[in-house]
**Student:** 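Structure in structure tokens, see below.
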Number of protein chains: 2
Amino acid sequence: MFITTAQVTNHNYLLTAVQTDEFERLKPHLELVQMPLGSVLYESASRLQHAWFPTTAIVSLQYIMEDGASTEIAGVGNEGMLGVSLLMGGAATSSRAIVQTGGCGYRIKAGSVLHEFNRTESLQRLSLLYIQALITQMSLTAACNRHHSIEQQLCRWLLLTIDRLSSNELIMTQELIASMLGVRREGITEAAGNLKNAGFINYRRGHITILDRSGLESLSCECYKVVKKEFDCLLSTYTTTQHSHS
Amino acid sequence: MFITTAQVTNHNYLLTAVQTDEFERLKPHLELVQMPLGSVLYESASRLQHAWFPTTAIVSLQYIMEDGASTEIAGVGNEGMLGVSLLMGGAATSSRAIVQTGGCGYRIKAGSVLHEFNRTESLQRLSLLYIQALITQMSLTAACNRHHSIEQQLCRWLLLTIDRLSSNELIMTQELIASMLGVRREGITEAAGNLKNAGFINYRRGHITILDRSGLESLSCECYKVVKKEFDCLLSTYTTTQHSHS
DNA sequence: TAAGTTGTGTACGATACCGCACAGACGCTA
DNA sequence: TAGCGTCTGTGCGGTATCGTACACAACTTA
């Protein structure tokens, strides 16, 4: 498999790092699908039918409480996968996965991915690496929820989202961001207003444009840098420890 | 290996569920050690030297921020293990592990546990199951931090701790609980005072006694029940899917 | 027993965030 | 162009938690 510029939208780092010969075996099971904004890949406590490897899409993992309140616990882009619990012997999961930025991704049937995980050494190794990075991100989210202000968290969230996109504009309502961060919509309106006044972002109804990354970084909590570093580290580990076919 | 009543303090559910023949291979690497209150098993970003399987000890996983603020992201008792990142290809971890209730546990060298993980089918399967439960607990913690009051969280925390103990008294200062929940000590004093007035707990300097479990449950957020259920489920999965030697 | 250390109780203003209510603006559809 | 639904801006009182400060009580050690 060769990733050319024309195919760059079909690129998932985890998949790409799977060894060439093993990837050939995996390939027939992979299906490139649309992942439209707002679609729910799985609900909490539902049985997983597939695993996904996003390419251009970004997915938000959320925990939903009994009263409907939600909290994002991690984000997944083309550095990772969804449905890791399939690999761990549980068919269900405790979270909801909802597409936060529309795009594409590879899909693979639940049965196939488990079968391949067990017989494909490099997929197994890479998945475990990814799961560890995911755990780190979740820990950080828990701590960030506790200690940092809405404005700081909004900066972190915008930066992490922008980092996974090729553009500097994201299609996203304040309402949606609020539900991800688990705060009131008005809280986001206020924080976003501050960022706009500072000249760091601009926005109109459902669209946010990042104007000044470094400005956001200066207002963000440390959590952004830590997650970023973790991901950079993850991506280099994907490829350095073993031959890649990309 | 037979767990008799005299040995019951040496019992870790995960280890016990490892298949008999495979366990025999694991056994020489296991070392039963004291895990005294307050001792730090590993710091964040430090290189892991061992993995641990608590028997009577309870360990708190915390994320420490740059300014020193801490947040508990999960607790580990005799249902699980510490140092899961060793199994996942990373030698370091992003959290701190600190003994929250003194006791005993099995320790195994980092090199040995990775080696055995790769060649011991049941250990691998059980570890992955445990990691999934750990992820669930972490998700819940993130959401609970966001949405629930100090009093609710204190109830959850007390219940989860008591569930892992044989006694109904725990040795624990309010200061320590505060650092785990990531709140001010005064917040715990107030919440604990309310629980005392309600007759649900009693305490003196460094000791807390649970008087009324169901009272605590009624004030706790849903998170307690969810984690409890997850653990019950985990323990039954440990043993039902495969023969156990306990 | 005395001195020192550590844990707990209490108070008070500051502040971040919530819940609610409502007005207005944007953008889609007919 | 008009109408409608959705998104955003704003205000206001209520509340949980924070930061700080200090008094006192319980245990430890000399």
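Keep in mind that the numbers below use all heavy atoms, side chains included, and drop hydrogens, waters and symmetry copies. We name chains A, B, ... by the order of the sequence lines, and we start the count at 1 in each one.
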**Student:** If you check the A:I150 side chain, which of D:dT17, D:dG19, C:dC17 turns out closest?
**Tutor:** C:dC17
**Student:** Where the side chain of B:R185 is concerned, which of C:dA21, D:dT17, C:dT8 is the nearest nucleotide?
**Tutor:** C:dT8
**Student:** If you check the A:Y203 side chain, which of C:dG19, D:dG9, C:dT5 turns out closest?
**Tutor:** D:dG9
**Student:** Checking all strands, does B:E186 fall into the base, sugar-phosphate, or nothing category for heavy-atom contacts under 4.0 angstrom?
**Tutor:** base
**Student:** Indicate yes or no: does B:R213 engage B:D163 in a salt bridge with an N to O separation below 4.0 Å.
**Tutor:** yes
**Student:** Has B:Q174 got a side-chain N or O lying under 4.0 Å from the OP1 or OP2 atom of C:dT6?
**Tutor:** no
**Student:** Taking the side chain as C-beta and beyond, is there a heavy-atom pair between A:L30 and A:L15 under 4.5 Å?
**Tutor:** yes
**Student:** In whole Å, what is the span from the CE atom of B:M172 to the C1' atom of C:dT8?
**Tutor:** 16 Å
**Student:** For A:G206, which contact category applies under a 4.0 Å heavy-atom criterion: base, sugar-phosphate, or nothing?
**Tutor:** sugar-phosphate
**Student:** Without decimals, in angstroms, what is the distance between A:N197 CG and D:dG9 P?
**Tutor:** 10 Å
**Student:** Would you indicate which nucleotide in D:dC27, D:dT8, C:dC18 comes nearest to any side-chain atom of B:R204?
**Tutor:** D:dC27
**Student:** Would you mind reporting whether A:R164 and A:E79 have side-chain heavy atoms less than 4.5 Å apart?
**Tutor:** yes
**Student:** Specify the separation, in whole Å, of atom CD1 of A:I188 and atom P of D:dG9.
**Tutor:** 12 Å
**Student:** To the side chain of B:R205, which of C:dG9, C:dC20, D:dA25 is closest?
**Tutor:** D:dA25
**Student:** Rounding to a whole Å, what distance do you find between B:R184:CZ and C:dA14:P?
**Tutor:** 15 Å
